[in-house]
Amino acid sequence: MAKKPKYYVVWKGHHPGVYRSWKDAEKQIKGYSGAEFKSYPTIGEAELAFKNPEKYNVPTAKTKKPRYYVIWKGHRAGIYDNWNEAAKQIHGFAKPVYQAFGSKQMAEKAYADIPENYLGRGFKKTRDMSPEEKIKYGEPNMLSISVDAACNNKGDCEYQGVVTDTGTQLFHVGPLQDGTNNIGEFLALVHALAYLKKNRSDLPIYSDSKIAMNWVIRKKANTSSKNRDTQNLITRGEQWLKTNEYPNKILKWQTKFWGEIPADFGRK
């Protein structure tokens, strides 16, 4: 059975119009930011749609999220919004130092800073803050502790706590069998609280897990483990929360603005 023909309307593209093949239509939208196009079963419908776009559901092509490349060391240091141009600056350069960002604001901040504060962490998913978000979230308090957890496909998890400012590891536990990210995040927060209390410190703690933060507030992990050792750690954590008070604030790490939390294991 012969394939039914399709007709393609390009409202916004390099050359708007009606096209009889996808190959020709694709040329008009490829590389065009905010292209608008749609296919129709008959040439008559396509021509009507092209003339009267307001009467039709005009879909907008997904535009690629902007990316900014900070090059601290390369042929020409700077911030580039095009990977081809950025690649030229590091190609053939001995030991280039660079990082990709989704946020132009963060890229500009990073370029003015030392690269050591950004290397080894993910920033591709970040985005610029609106004026309202800047007021609400601002910058993270680097005089703090950050915690995070990670699991492998076998169900083993581990967690760690680091100094937010330098990334210096303060503690690491794992692997824990039959664990989950939430279990690891919960145990990491309790461990950080106990660590700071032992050292008589009122530093705040950052976590990127709302679930684990809520479990700490309720002093109860809404989960269990079939592994005895892991379950014992959960029970001990709950008991510690019920019998101890602490001055430390537990704060949400804003990954979409600040990049991956400094305690991240880098497995995403």
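We use all heavy atoms of the structure for the numbers below, so side chains are in, but hydrogens, waters and symmetry mates are not.
More than 12 heavy atoms of other shown residues, nucleotides or ligands fall within 6.0 angstrom of atom NZ in Lys197. When the shell of 6.0 Å around NZ of Lys242 is examined, it contains more than 12 heavy atoms from other residues, nucleotides or ligands. The environment of Lys219 atom NZ is dense: over 12 non-hydrogen atoms of other residues, nucleotides or ligands sit within 6.0 angstrom. The number of heavy-atom neighbours closer than 6.0 Å to CZ of Arg218, taken from other residues, nucleotides and ligands shown, is above 12.
Looking only at atom types and distance, the side chain of Thr230 has no donor-acceptor partner in the side chain of Asp178 under 3.5 Å away. Judged purely by distance below 3.5 Å, without hydrogens or angles, the side chains of Tyr159 and His191 pair a donor atom with an acceptor atom. Judged by distance alone, the side chains of Thr166 and Thr168 do bring a donor and an acceptor atom under 3.5 Å apart. For the residue pair Tyr118/Asp113, the side-chain donor-acceptor check at 3.5 Å is satisfied. Side-chain atoms of Glu238 and Thr235 form no donor-acceptor pair, as typed in the model, at a separation below 3.5 Å. Remark: the Ser21 side chain and the Asp24 side chain contain an N/O donor-acceptor pair separated by less than 3.5 Å.
No donor-acceptor pair under 3.5 Å is formed between the side chain of Trp72 and the backbone N or O of Pro96. Of the possible polar contacts, none joining the Glu260 side chain to the Phe123 backbone as a donor-acceptor pair under 3.5 Å is found. Side-chain atoms of His14 come within 3.5 Å of backbone N or O of Lys30 as a donor-acceptor pair. Of the possible polar contacts, one joining the Asn82 side chain to the Asn84 backbone as a donor-acceptor pair under 3.5 Å is found. Using modelled atom types, no side-chain atom of Glu158 and backbone atom of Pro175 make a donor-acceptor pair closer than 3.5 Å. Between the side chain of His75 and the backbone N or O of His91 there is at least one donor-acceptor pair closer than 3.5 Å.
In this structure, the separation between CG on Asn182 and NZ on Lys210 is 13.5 Å, given to the nearest 0.5 Å. Separating the NZ atom in Lys134 from the CE atom in Met129 is a distance of 8.5 Å, to the nearest 0.5 Å. Atom CD1 of residue Ile205 and atom CE of residue Met213 lie 10.0 Å apart, to the nearest 0.5 angstrom. To the nearest 0.5 Å, the span separating OG on Ser103 from OH on Tyr68 amounts to 8.0 Å. For the atom pair CD1 of Ile211 and CG of Asp208, the computed distance is 11.0 Å after rounding to the nearest 0.5 Å. In this structure, Asn152 CG and Cys157 SG are separated by 9.0 Å, a value rounded to the nearest 0.5 Å.
Considering only heavy atoms from C-beta on, Lys6 stays 4.5 Å or farther from Pro41 through its side chain. Residues Ile183 and Ile234 have side chains in contact (heavy-atom distance under 4.5 Å, counting atoms from C-beta outward). At a threshold of 4.5 Å between non-hydrogen side-chain atoms, the residues Ile145 and Leu170 count as touching. At a threshold of 4.5 Å between non-hydrogen side-chain atoms, the residues Asp81 and Arg67 do not count as touching. Leu241 places a side-chain heavy atom less than 4.5 Å from the side chain of Val190. A heavy-atom distance below 4.5 Å is found between the side chains of Val216 and Ile250. Between Gln231 and Ser224, the closest side-chain pair of non-hydrogen atoms falls below 4.5 Å. Side-chain contact between Ile79 and Glu108: present, with at least one pair of heavy atoms (C-beta onward) separated by less than 4.5 Å.
Between Phe186 and Trp215, the two ring planes are perpendicular [angle over 60°; tilted spans 30° to 60°]. Note: Trp240 and Tyr246 have parallel aromatic rings, judged against thresholds of 30 and 60 degrees for the angle between ring planes. Aromatic ring pairs are classed by plane angle as parallel below 30°, tilted from 30° to 60° and perpendicular above 60°; the pair Phe37 and Trp22 is tilted. Ring geometry, Phe171 versus Tyr195: the interplanar angle falls from 30° to 60°, so the pair is classed tilted.
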### Task
Would you sort out whether Glu139 and Lys109 count as a side-chain contact (heavy atoms from CB on, under 4.5 Å), showing the intermediate values?
CA-CA 11 Å; Glu139 298 291 335; Lys109 180 176 180 290; 3.6 Å; yes
#### Entry: Derivation and outcome, side-chain contact (heavy atoms from CB on, under 4.5 Å), residues Val18 and Ile43
CA-CA 8 Å; Val18 178; Ile43 187 67; 3.8 Å; yes
### Task
Could you walk me through whether Leu187 and Val173 pass side-chain contact (heavy atoms from CB on, under 4.5 Å), step by step?
CA-CA 9 Å; Leu187 293 175; Val173 175; over 6 Å; no
### Task
Kindly indicate, with the supporting measurements, whether the criterion side-chain contact (heavy atoms from CB on, under 4.5 Å) is fulfilled by Tyr98 and Tyr80.
CA-CA 11 Å; Tyr98 61 97; Tyr80 297 83; over 6 Å; no
### Trace of the salt bridge (Lys or Arg N to Asp or Glu O under 4.0 Å) decision for Glu133 with Lys136
CA-CA 5 Å; Glu133 288 168 335; Lys136 183 176 181 180; over 6 Å; no
#### Entry: ring-ring contact (aromatic ring centres under 6.0 Å, His included) between Tyr7 and Tyr40, intermediate numbers included
CA-CA 5 Å; Tyr7 303 89; Tyr40 291 89; 9.6 Å; no
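For Leu251 against Pro204, the heavy-atom pair with the smallest separation is CD1-CB, 3.9 Å. Of all non-hydrogen atoms in Met106 and Gly259, the two that sit nearest each other are SD-N, 4.4 Å. The nearest pair of heavy atoms linking Phe265 to Ala150 is CD1-CB, 3.6 Å. Across all non-hydrogen atoms, the minimal contact from Gln99 to Leu119 is NE2-CA, 4.0 Å. Looking at every heavy atom in both residues, Asp128 comes nearest to Gln105 through OD1-N, 2.9 Å. Among all heavy-atom pairs drawn from Ser144 and Thr164, the shortest one is OG-OG1, 2.8 Å.
Annotation: salt bridge (charged side-chain N to carboxylate O under 4.0 Å, His left out) contacts of Glu47 (sequence neighbours excluded): none.
Aromatic ring centroids of Trp83 and Tyr69 lie under 6.0 Å apart. Under the 6.0 Å cut-off for aromatic ring centres, Tyr19 and Tyr8 do not qualify, their centroids lying 6.0 Å or more apart.
In the hydrophobic cluster analysis, where Ile, Leu, Val, Met, Phe, Trp and Tyr join through side-chain heavy atoms closer than 4.5 angstrom, Leu189 is grouped apart from Val162. Linking Ile, Leu, Val, Met, Phe, Trp and Tyr whenever their side-chain heavy atoms come within less than 4.5 Å puts Val147 and Val163 in one cluster.
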